[in-house]
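This report refers to the structure that appears directly beneath it.
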Amino acid sequence: MRSKQSPRIATWMLKHFGSGPNNDALLGDLAEQYLQKDSAMWYWRQAMKAIPVSFFKEIRGHKRIAARALVTRCIMWILGRLSIFPLTFFGTNVGYAFEPRHPIGTAWSFMWMPVLGQASLARPFYPFVFAVAVALPLLVGAMCGWLVARFHRDQQTAVVLLFAGSILLMDLLLFGPFIFTVEPPVAYFFVGPLAANVAASLLGILLGGGLLRNKSGRQPLPF
């Protein structure tokens, strides 16, 4: 009789995004309980609940490391973007506005680089700007994610997820007001490249941080 296999996608997500040294033991316990309960919905609930619980437990237990990781990511993120993103302004009349007394405006200008820099040149707009909005954030995110993971190997999963979450929050705070305050035609014009920018940054961080890598004991992508 063939044994029942736990839902593959839920198992893969918990293996790759679950934090802490007890993640493998948790996976084993869930697999044993799944054989008795035979409920995919129950397994999904337990796996999806275990990811944030283990993340916050790991961060709470290593507050100094988490704080150091955030400081490290800020420095590397800024240096990475300052060294690579100005390429998007090559041949344009758009620049990076650095104003120490206006950190929000500076951050906005900084995050807009891949999209706005080439928008003044690209015709048609979407194909070229969309590619730039994906390639540069992906590259910077992968570099920064790799360095963060390398400096915090014992808490790799937690600090990489913390890094990705902080970038996502910053992007939402910067881009959200723009999308909801401008006229719809303008928002529709930029929403694609902006979404590509954010998604590529997060994907780069996860790839560079090793969370999507097929390591020993981890399953390959379930699709």
Side-chain angles (χ1 to χ4, degrees), residues 1-63 65-66 69-70 73 130 133-134 137-139 141-172 175-176 191-192 194-223:
M1 181 178 178
R2 186 171 63 89
S3 61
K4 294 174 292 187
Q5 185 180 19
S6 306
R8 290 187 61 192
I9 297 179
T11 300
W12 181 90
M13 292 180 68
L14 183 54
K15 279 190 174 184
H16 286 260
F17 301 131
S19 307
N22 299 322
N23 199 52
D24 290 338
L26 174 61
L27 280 162
D29 291 341
L30 287 180
E32 290 181 5
Q33 294 181 53
Y34 177 72
L35 293 177
Q36 300 175 358
K37 295 180 179 294
D38 192 20
S39 172
M41 183 64 68
W42 173 88
Y43 188 92
W44 267 96
R45 285 199 305 267
Q46 298 303 314
M48 295 304 99
K49 181 171 66 175
I51 292 175
V53 168
S54 63
F55 167 76
F56 287 113
K57 183 178 180 179
E58 188 77 354
I59 295 300
R60 187 170 60 249
H62 302 87
K63 295 184 180 67
I65 293 176
L70 281 178
R73 82 90 179 153
F130 196 87
V134 170
L138 182 67
L139 176 60
M143 291 169 50
C144 295
W146 180 82
L147 289 171
V148 167
R150 186 175 180 84
F151 293 154
H152 307 87
R153 291 182 177 179
D154 291 338
Q155 292 79 33
Q156 176 181 348
T157 301
V159 296
V160 172
L161 288 178
L162 180 64
F163 180 17
S166 66
I167 293 299
L168 176 60
L169 178 61
M170 182 171 61
D171 286 341
L172 291 176
F175 295 150
V191 69
L194 285 176
N197 184 344
V198 175
S201 296
L202 298 179
L203 179 60
I205 293 169
L206 297 178
L207 285 171
L211 300 195
L212 304 183
R213 192 177 305 156
N214 183 22
K215 300 179 179 179
S216 65
R218 292 190 172 183
Q219 295 179 345
L221 292 171
F223 39 80

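Here the OH-CD1 distance, from Y43 to I9, works out to 12.0 Å after rounding to the nearest 0.5 Å. L138 contributes atom CG, which lies 11.5 Å from atom CE of M143 (distance to the nearest 0.5 angstrom). The distance from the OG1 atom of T157 to the NE2 atom of H16 is 9.5 Å, given to the nearest 0.5 Å. Atom NZ of K57 and atom CZ of R60 lie 8.0 Å apart (nearest 0.5 Å). If you take CG on L202 and CG on L207, they are separated by 11.0 Å, rounding to the nearest 0.5 Å.
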Item to complete: Check step by step if side chain to side chain contact (heavy atoms under 4.5 Å, CB included) holds for L162 and V148.
Response: CA-CA 10 Å; L162 180 64; V148 167; over 6 Å; no

Worksheet entry | CA sep, side-chain torsions, deciding dist, call: L212, W12, side chain to side chain contact (heavy atoms under 4.5 Å, CB included) | CA-CA 10 Å; L212 304 183; W12 181 90; 3.6 Å; yes

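Between M48 and F17 the shortest side-chain heavy-atom distance does not fall below 4.5 Å. Looking only at side-chain heavy atoms (C-beta outward), Q46 and Y34 stay at 4.5 Å or farther from each other.
With sequence neighbours excluded, the residues that form a side-chain contact (heavy atoms from CB on, under 4.5 Å) with A50 are L14, L26. Under the side-chain contact (heavy atoms from CB on, under 4.5 Å) criterion, Q155 pairs with E58, H62, I65, V159, not counting sequence neighbours.
Of all heavy-atom pairs spanning T11 and S6, the tightest one is OG1-CB, 3.6 Å. P7 approaches W44 most closely through the heavy-atom pair CB-NE1, 3.7 Å. Here the closest heavy-atom approach between residue V160 and residue A149 is recorded as CG2-CB, 4.0 Å.
With L161 as the partner, the side chain to side chain contact (heavy atoms under 4.5 Å, CB included) test is satisfied by one option alone out of I205, I59, L206: L206.
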